[in-house]
Amino acid sequence: MHLLNQLFGAPVTALLLKLGIHPAHPAAPFDRTVTLELVAMVGLLLFFVLVRATLSVEKPGPAQHLAEMIHGFVSDQGESIIGHGHEPHIAFVTTILLFIVCCNCFGLLPHIDTPTANPVVPLGVALLTFIYYNYHGVRAQGPIGYLKHFMGPIWWIAPLLFPIEIISHLARIMSLTIRLYANMFASDLLTLVFFSMVPIGIPIVFLGLHFAVALIQAYVFMLLAMIYLSQAVSHDH
């Protein structure tokens, strides 16, 4: 964190100020949460590069086996939820899944907070998901066709249904954010409480629980992203 602020703090602060954004700490715009997000991002990029550089049909390495396992799992989920045409979206939902898993699991390390226990991180991923599925909905159905699926099948209730559907879709951002944030914050808090009460032995159980919650919440987020995407690109509305 200190290294990032020394190397990039000044130009990042200058850029934010030009955009009309005033960081709380201009001398140190990179806080711990942003630093952990960057670590997760760089780690995933290095993993993808490693897999790409070591691809082999005859002698696949451990990284390739892991990547193929993840890809197969996500593809199976995409095929069952999105159906035909799910292939172009696998890269997005896989990245979302892995990024959230990495951020969730940071809380297993001593003296490191879980980035997703900060509401800003889940909000950013939720906004990205919201923009992504709406963009592909418009792209698949056209602007008029996509708006029609907010109006329902009966024309005379469209004026009532349309604002309800718009509010419902906007509420998805809040739903995705709060679900991930609240569960990870509660898991962090529970682990911290038991470590402060009994520092040896029993807290290991709660670290295992935290790991399970981390995987489940990432999986649920990915599933919801797929469901919203399937509804957006479907022509059966």
Give a yes or no on whether [X] and [Y] share a hydrophobic cluster (residues Ile, Leu, Val, Met, Phe, Trp, Tyr; joining criterion: side-chain heavy atoms under 4.5 Å apart).
X: Tyr135; Y: Leu147; answer: no
X: Leu66; Y: Phe211; answer: yes
X: Leu50; Y: Val39; answer: no
X: Val74; Y: Met69; answer: yes
X: Leu127; Y: Leu229; answer: yes

With a cut-off of 3.5 Å and sequence neighbours excluded, list every side-chain donor-acceptor pair involving residues 94-109.
unit_1, atom_1, unit_2, atom_2, d
Thr94, OG1, Ile90, O, 2.7
Thr95, OG1, Ala91, O, 2.8
Asn104, OD1, Thr116, OG1, 2.4
Asn104, ND2, Ile100, O, 3.4
Asn104, ND2, Ala214, O, 3.0

Subject >> Members besides Ile164 in its Ile/Leu/Val/Met/Phe/Trp/Tyr cluster (side-chain heavy atoms under 4.5 Å) >> reply: Leu160
**OP:** Hydrophobic side-chain clustering at under 4.5 Å (ILVMFWY, transitive links): who's grouped with Met174? Put none if nobody.
**Re:** Ile178
Subject >> For Thr114, side chain to side chain donor-acceptor pair (under 3.5 Å) partners two or more places apart >> reply: Asp188
Original post:
With sequence neighbours left out, what residues match Asp76 under side chain to side chain donor-acceptor pair (under 3.5 Å)?
Top reply: none
Original post:
Any donor and acceptor pair, going by atom type alone, linking the side chain of Ser187 with main-chain N or O of Asn183 inside 3.5 Å?
Top reply: no
Original post:
Would you say the side-chain atoms of Asn118 pair up with the backbone N or O of Val120, donor to acceptor, closer than 3.5 Å?
Top reply: yes
Subject >> Cation-aromatic face contact Arg172/Tyr228, 6.0 Å, 45 degrees >> reply: yes
Quick one: [atom1] on [X] to [atom2] on [Y], what's the gap to the nearest 0.5 Å?
X: Thr177; Y: Phe130; atom1: OG1; atom2: CZ; value: 11.5 Å
X: Lys148; Y: Phe162; atom1: NZ; atom2: CZ; value: 13.0 Å
X: Leu170; Y: Ser175; atom1: CG; atom2: OG; value: 12.5 Å
X: Phe92; Y: Leu128; atom1: CZ; atom2: CG; value: 4.5 Å

What pair of heavy atoms forms the shortest contact from [X] to [Y], and how long is it?
X: Val51; Y: Ala63; answer: CG2-O, 3.7 Å
X: His149; Y: Gln141; answer: ND1-NE2, 4.3 Å
X: Pro159; Y: Pro163; answer: O-CD, 3.1 Å
X: Ile81; Y: Ser230; answer: O-CB, 3.5 Å

Check side-chain contact (heavy atoms from CB on, under 4.5 Å) between [X] and all other residues, then give those that pass, not counting sequence neighbours.
X: Val49; answer: none
X: Arg52; answer: Leu55
X: Val220; answer: Arg179, Ile216, Leu224
X: Phe185; answer: Ala117, Tyr181, Leu189

**OP:** Dump the intermediate steps for side chain to side chain contact (heavy atoms under 4.5 Å, CB included) on Val125 and Leu176, then the final yes or no.
**Re:** CA-CA 9 Å; Val125 184; Leu176 289 171; over 6 Å; no
**OP:** Keeping to residues at least two apart or across chains, list the ring pair (Phe, Tyr, Trp, His ring centres under 6.0 Å) pairs with something in residues 41-83.
**Re:** Phe73-Tyr219
Subject >> Parallel, tilted or perpendicular, as decided by the 30° and 60° cut-offs, for the rings of Tyr146 and Phe150 >> reply: perpendicular
**OP:** Classify the angle between the aromatic ring planes of Tyr133 and His169 as parallel (below 30°), tilted (30 to 60°) or perpendicular (above 60°).
**Re:** tilted
**OP:** Provide the full list of side-chain hydrogen bond (donor to acceptor under 3.5 Å, both in side chains) pairs with a residue in residues 80-92, sequence neighbours left out, each pair given once.
**Re:** His89-Tyr132
Original post:
Would a 4.5 Å heavy-atom cut-off, applied to side chains only, mark Glu37 and Met41 as touching?
Top reply: no
Original post:
Who pairs with His210 by ring-ring contact (aromatic ring centres under 6.0 Å, His included), at least two apart in sequence or on another chain?
Top reply: none
Subject >> Of Val213, Asp113, Val121, the residue whose pairing with Met184 passes side chain to side chain contact (heavy atoms under 4.5 Å, CB included) >> reply: Val213
